[in-house]
Novice: 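Pasting a structure here, questions to come.
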There are 2 protein chains.
Amino acid sequence: MVDKRSATPQPSAKVRILDKARQLFAEHGFDGTSLQQVADAVGMRKPSLLYHFRSKEALRESVIEELLAHWQETLPRLLAESRYGPDRFANLFDALLSFFEEEPRRARLVTRAALDHPELVRRLLREQLRPWTILLSDTINMGKASGQIREDVDAEAWVMHMISMVIGAVAVGPVSSALLTREDEEAVDWPREELVRIARTSLFAPTPLEADDG
Amino acid sequence: MVDKRSATPQPSAKVRILDKARQLFAEHGFDGTSLQQVADAVGMRKPSLLYHFRSKEALRESVIEELLAHWQETLPRLLAESRYGPDRFANLFDALLSFFEEEPRRARLVTRAALDHPELVRRLLREQLRPWTILLSDTINMGKASGQIREDVDAEAWVMHMISMVIGAVAVGPVSSALLTREDEEAVDWPREELVRIARTSLFAPTPLEADDG
DNA sequence: CCTACCGATCGGTAGG
DNA sequence: CCTACCGATCGGTAGG
């Protein structure tokens, strides 16, 4: 048995580099992270890192592409699992929210990428994500005919805003929660339910029962 | 008459530095902007810049504080101008949206600051903005009693999410609009109205008339 | 994947 | 507000 640090087989160098780079870029930004820091985190020398990625820019693009690819892989499954109707909607929105909540760095990474590299993210959104959001907005428009969905919804714009809202809310959640009133300093639990409510009430037609209550 | 570039009296050096720094930080981020670039933009040497601000970090903090101060100055006026009811609400939300739309860099700067310096922004939000958002959510809660506001609204969380949503939407608007279907490449007009609709329908109680239509 | 090394630029200081 | 200059670090290359 060889005398290396670990007995468990490691993932490939590229994967290990991407893992650490994603993490560091999300927390400190692309410009706020040096190749040296990435190399240290991975446990190799800086020039070795540049053997796997031709430049820092190439590393950035790989990180972003990988993120979108992961999403592109997850989204069809979510859409397949949850179709029409309020219940299914809840599942889908919940899945979107959970996708980012379970790893808030994802949300911060996307937000940073959108600010630092708008053209690249635009291209990836268009190529990889738009087909799915079109499918979703078509489904919403069908829901209008059956009376479940509000007539005044702009389906495409609504989907866009919801994605932006969820990512933004998760990315800066720990900051904006400073606006909530609690005397105890830290970590007020994040008002997830209100976000779900905003999404739901802006999409579904009010029932007569609901209106009578008011 | 002296032989300088301009006859119009210039604002103080500090103001000119803050102007350019705000602009550059918003577009390229704090770590993506060098003191040299700021100095060039202002038209002075780098050490002169450091005479006015003790360090790059001090410059960053001044930029952020100035932004919040500007907001703190604007917000009371907005609140005074627009009180209760759907009309007044429209004014207020519109004013918030316009505040960032007229200068999208403001939105990008806040977003970047929240990502790069969460503790600082949290502190400033709490100290400078929270009193006003409390006032606003109290007003919303009063609207519940009169039946104008939905019973299920979590006023504080709603206000927080709306602020976060508006800033996020403006900051990354040019990117997320890539999800909209238009074949022509550039600048699909940003779906502002749908954002307003999301805000309104998630806040106001549905009228019986509205429900009958569905 | 490493050692050795590059020019350029970084934030910041000394001294006037 | 300037000139002159600092050590540290940046992304990246040569060569193995």
Novice: Salt bridge (Lys or Arg N to Asp or Glu O under 4.0 Å): which pairs involve residues 51-61 of chain A, sequence neighbours left out?
Specialist: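 Residue pairs with at least one partner in residues 51-61 of chain A: A:Glu57-A:Arg60.
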Novice: Salt bridge (Lys or Arg N to Asp or Glu O under 4.0 Å): which pairs involve residues 29-41 of chain B, sequence neighbours left out?
Specialist: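 Listed once each, the pairs would be none.
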Novice: Are side-chain heavy atoms of B:Leu24 and B:Val38 found at a separation under 4.5 Å?
Specialist: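 Touching, per the 4.5 Å side-chain cut-off.
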Novice: Could you give all pairs that pass the salt bridge (Lys or Arg N to Asp or Glu O under 4.0 Å) test and reach residues 107-120 of chain B, with sequence neighbours left out?
Specialist: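 Sorted result for residues 107-120 of chain B: A:Arg112-B:Asp116, A:Asp116-B:Arg112, B:Glu27-B:Arg108.
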Novice: Can you give me the dot-bracket string for DNA chain D, 5' to 3', counting Watson-Crick and G-U wobble pairs with both distances under 3.5 Å, using [ ] for crossing pairs and | for partners on another strand?
Specialist: ||||||||||||||||
Novice: Output all residues satisfying salt bridge (Lys or Arg N to Asp or Glu O under 4.0 Å) with A:Asp94, sequence neighbours left out; order by chain, then residue number.
Specialist: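 Expected list: A:Arg192.
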Novice: Applying ring pair (Phe, Tyr, Trp, His ring centres under 6.0 Å), which residue pairs with at least one partner in residues 24-51 of chain B are found, sequence neighbours left out?
Specialist: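 Checked against ring pair (Phe, Tyr, Trp, His ring centres under 6.0 Å) - neighbours excluded - the pairs reaching residues 24-51 of chain B are B:Phe25-B:Phe30.
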Novice: Can you name the residues that form a side chain to side chain contact (heavy atoms under 4.5 Å, CB included) with A:Ala199, not counting sequence neighbours?
Specialist: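 A:Ala199: side chain to side chain contact (heavy atoms under 4.5 Å, CB included) contacts with A:Phe89, A:Phe93, A:Trp158, A:Met162.
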Novice: What pairs of donor and acceptor atoms, side-chain ones from residues 65-72 of chain B against any protein atom, are under 3.5 angstrom apart with sequence neighbours left out?
Specialist:
{"unit_1": "B:Glu66", "atom_1": "OE1", "unit_2": "B:Arg22", "atom_2": "NE", "d": "3.3"}
{"unit_1": "B:Glu66", "atom_1": "OE1", "unit_2": "B:Arg22", "atom_2": "NH2", "d": "3.2"}
{"unit_1": "B:Glu66", "atom_1": "OE2", "unit_2": "B:Arg22", "atom_2": "NH2", "d": "3.4"}
{"unit_1": "B:His70", "atom_1": "NE2", "unit_2": "B:Arg106", "atom_2": "NH1", "d": "3.1"}

Novice: By salt bridge (Lys or Arg N to Asp or Glu O under 4.0 Å), which residues pair with A:Glu194, not counting sequence neighbours?
Specialist: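 With neighbours one apart ignored, the set is A:Arg197.
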Novice: Tell me, please, the opening and closing nucleotides of DNA chain C, 5' to 3', among those with an atom under 4.0 angstrom from a non-hydrogen atom of chain A.
Specialist: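 Listed 5' to 3', the contact boundaries are C:dC1 to C:dA4.
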Novice: Can you name the residues that form a side chain to side chain contact (heavy atoms under 4.5 Å, CB included) with A:Leu50, not counting sequence neighbours?
Specialist: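 Once residues adjacent in sequence are excluded, the partners of A:Leu50 under the side chain to side chain contact (heavy atoms under 4.5 Å, CB included) criterion are A:Leu35.
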Novice: Using a strict heavy-atom distance below 4.0 Å, which residues from residues 12-44 of chain A are in contact with DNA chain C?
Specialist: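 The stretch gives A:Ala13, A:Arg16, A:Met44 as the residues lying under 4.0 Å from the strand, ordered by number.
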